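Inspection log for the structure reproduced underneath, given as structure tokens.
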Amino acid sequence: MSILVKEVSKLYDSQKALDNISFEVGEGEVVGLLGPNGAGKSTIMKIITCFIPPTTGTISVNGFDVLGQSIDVRNIIGYLPENNPLYPEMYVKEYLEFIAGLHKLKSISKSRVVEMIETTGLGDEQNKKIGALSKGYKQRLGLAQALIHDPQVLILDEPTSGLDPNQLLDIRNLIKEIGKKKTIIFSTHIMQEVEAVCDRIIILDKGKIVADDSTENISKMSAGNEIISVEFNSTVPSEELMKLPGTIEVKGVGDRKWMITAHAESDCRSKIFQFAVQKNITVLSLQKEERSLEEIFQTLTKN
């Protein structure tokens with residue numbers, strides 16, 4: 001396992017930022033960390049990257065313990081924090097050479113800087129001062145500094161925060177490409193980003209893990225309910241549809257079309273067909289609707 005988090009809690013006085021969480025991230029996985037503000041996303045990232053210690057529990061990265069072997073952990077991790085710390089008076093290329101020096105890359109530092117500038121698309125900006133860069137290019141530079149020592153693991157905290165749609169797409173594609181070779185954990189509030197990039201999703205709420213599964217399986221979660229879209233050839237009173245066994249809610253989306261929420265085990269589609277036969281009406285369309293990832297997120301993290 002690249003990352004092993006076991007029974008980790010973090011207390012700030014009486015406030016519990018993390019509450020006995022455990023998870024594993026395998027080599028080469030791209031994992032999206034989701035949760036509302038204050039859920040504990042940044043806290044667990046700071047613990048994994050050795051910026052703060054856990055109150056209880058253990059974390060290892062490629063077999064190195066974050067407390068007892070923190071230097072070894074830092075050597076194999078690239079970290080882009082939420083507030084990307086840059087030196088605005090330095091030039092882009094100068095800054096990357098400085099970071100390469102901190103990592104003691106020595107003889108390969110210049111070639112590595114050139115490679116990172118090319119990888120992150122900073123070629124046209126390399127001779128600019130950092131303070132003159134757009135938000136998107138500053139995020140690219142943050143990724144470049146996180147990657148310059150060729151880490152095995154990347155931890156990215158809100159890497160696309162504040163970007164416009166074009167910048168967001170560029171950074172998303174860059175993360176996806178990097179993820180072919182490295183283990184990545186990144187936090188975000190953008191559901192489309194998770195669906196496009198991640199192999200797996202971990203959802204945190206109030207310091208606890210409320211979901212941990214593949215992106216595909218998370219997207220299929222329905223909290224025990226199913227939503228059926230049905231259109232008839234004539235008007236049907238909602239009161240009649242509410243009488244169907246297992247029905248929870250009926251919403252009209254047109255004169256003859258309905259969205260029916262029912263218990264998944266009730267097999268609502270067969271009940272609808274039986275209803276139509278009894279009423280001598282025709283079913284024009286009938287399909288099971290997939291819940292959006294945003295809806296699932298809201299269900300899992302609502303108060």
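For this chain, numbers begin at 1 and follow the sequence in order. The shown structure was predicted, so the numbers you read here are calculated from the model rather than taken from an experiment.
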Is it true that a side-chain atom of [X] and a backbone atom of [Y] form a donor plus acceptor pair closer than 3.5 Å?
| X | Y | result |
| --- | --- | --- |
| Asn173 | Leu169 | yes |
| Arg256 | Asn233 | yes |
| Glu115 | Ser111 | no |
| Gln139 | Pro159 | yes |
| Ser9 | Asn20 | yes |
| Lys41 | Gly35 | yes |
| Glu240 | Pro237 | no |

Are [Y] and [X] connected into the same hydrophobic cluster when the rule is that any two of I, L, V, M, F, W, Y join if their side-chain heavy atoms are below 4.5 Å apart?
| X | Y | value |
| --- | --- | --- |
| Ile71 | Ile59 | no |
| Leu286 | Ile248 | no |
| Tyr87 | Leu80 | yes |
| Phe232 | Val253 | no |
| Leu244 | Phe273 | yes |

Review point. With a cut-off of 6.0 Å (strictly less than), are more than 12 heavy atoms of other residues, nucleotides or ligands near CD of Glu118?
Key: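 Not more than 12 within 6.0 Å, no.
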Exercise for review: May I ask you to check whether over 12 heavy atoms, not counting those of Lys138, lie within 6.0 Å of atom NZ?
Suggested key: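 Yes, the 6.0 Å shell around NZ holds more than 12 heavy atoms from other groups.
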Non-hydrogen side-chain atoms of [X] and [Y] separated by less than 4.5 Å:
| X | Y | answer |
| --- | --- | --- |
| Met259 | Ile228 | no |
| Leu174 | Thr120 | yes |
| Pro88 | Lys129 | no |
| Ile185 | Ile44 | no |
| Lys206 | Asp19 | no |
| Ile155 | Phe186 | no |
| Ile209 | Ile203 | no |
| Tyr79 | Ile48 | no |

Which distance, rounded to the nearest 0.5 Å, do you find between the [atom1] of [X] and the [atom2] of [Y]?
| X | Y | atom1 | atom2 | value |
| --- | --- | --- | --- | --- |
| Cys198 | Leu34 | SG | CG | 7.0 Å |
| Glu193 | Thr160 | CD | OG1 | 3.5 Å |
| Glu195 | Met191 | CD | CE | 9.0 Å |
| Asp124 | Ile117 | CG | CD1 | 11.0 Å |
| Glu29 | Ser214 | CD | OG | 10.0 Å |
| Ile99 | Ser109 | CD1 | OG | 12.5 Å |

Would you name the heavy atoms of [X] and [Y] that are closest together and state the gap between them?
| X | Y | answer |
| --- | --- | --- |
| Leu67 | Pro54 | CD2-CD, 4.0 Å |
| Val153 | Ser2 | CG2-CB, 4.3 Å |
| Phe23 | Asp212 | CB-OD2, 3.9 Å |
| Thr55 | Lys10 | OG1-CA, 3.4 Å |
| Ala17 | Thr43 | CB-OG1, 4.1 Å |
| Ile76 | Pro151 | O-CB, 3.5 Å |

Check your understanding: Quick one: is the NZ or CZ of Lys271 closer than 6.0 Å to the six-membered ring centre of Phe275, and within 45° of its axis?
Key ->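 Output no; distance or angle outside limits.
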Practice item. Evaluate the criterion side chain to side chain contact (heavy atoms under 4.5 Å, CB included) for residue pair Leu133 and Lys128; output intermediate values, then yes/no. Key: CA-CA 7 Å; Leu133 297 178; Lys128 284 186 179 180; 4.2 Å; yes
Review point. Does the distance from a Lys or Arg side-chain N to an Asp or Glu carboxylate O, for Lys135 and Asp164, drop under 4.0 Å?
Key: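 Answer for the salt bridge query: no.
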Review point. Does Arg140 come within less than 4.0 Å of Glu125, counting only side-chain N to carboxylate O?
Key: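 Here Arg140 does not pair with Glu125 in a salt bridge, since their nearest N and O are not under 4.0 Å apart.
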Review point. Is there a donor in the side chain of Ser187 and an acceptor in the side chain of Asp157, or the other way round, less than 3.5 Å apart?
Key: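 Side-chain D/A pair, Ser187 to Asp157: present.
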Review point. Which is it for Glu24 and Lys6 under the side chain to side chain contact (heavy atoms under 4.5 Å, CB included) test, yes or no, and what are the steps along the way?
Key: CA-CA 8 Å; Glu24 300 177 3; Lys6 189 175 181 181; over 6 Å; no
Exercise for review: Would you please test Tyr91 and Ile130 for side chain to side chain contact (heavy atoms under 4.5 Å, CB included) and show each step?
Suggested key: CA-CA 6 Å; Tyr91 293 91; Ile130 293 172; over 6 Å; no
Check your understanding: side-chain contact (heavy atoms from CB on, under 4.5 Å) with Arg200: which of Val30, Val194, Val25, Ile218?
Key ->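 Running side-chain contact (heavy atoms from CB on, under 4.5 Å) over Val30, Val194, Val25, Ile218 with Arg200 returns exactly one hit, Val25.
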Check your understanding: What orientation do His103 and His149 show, parallel under 30°, tilted 30 to 60°, or perpendicular over 60°?
Key ->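 The rings of His103 and His149 lie parallel, inter-plane angle below 30°.
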Practice item. Decide yes or no on side chain to side chain contact (heavy atoms under 4.5 Å, CB included) for Lys279 and Gln274, but give the supporting numbers first. Key: CA-CA 9 Å; Lys279 298 294 182 180; Gln274 292 171 14; over 6 Å; no
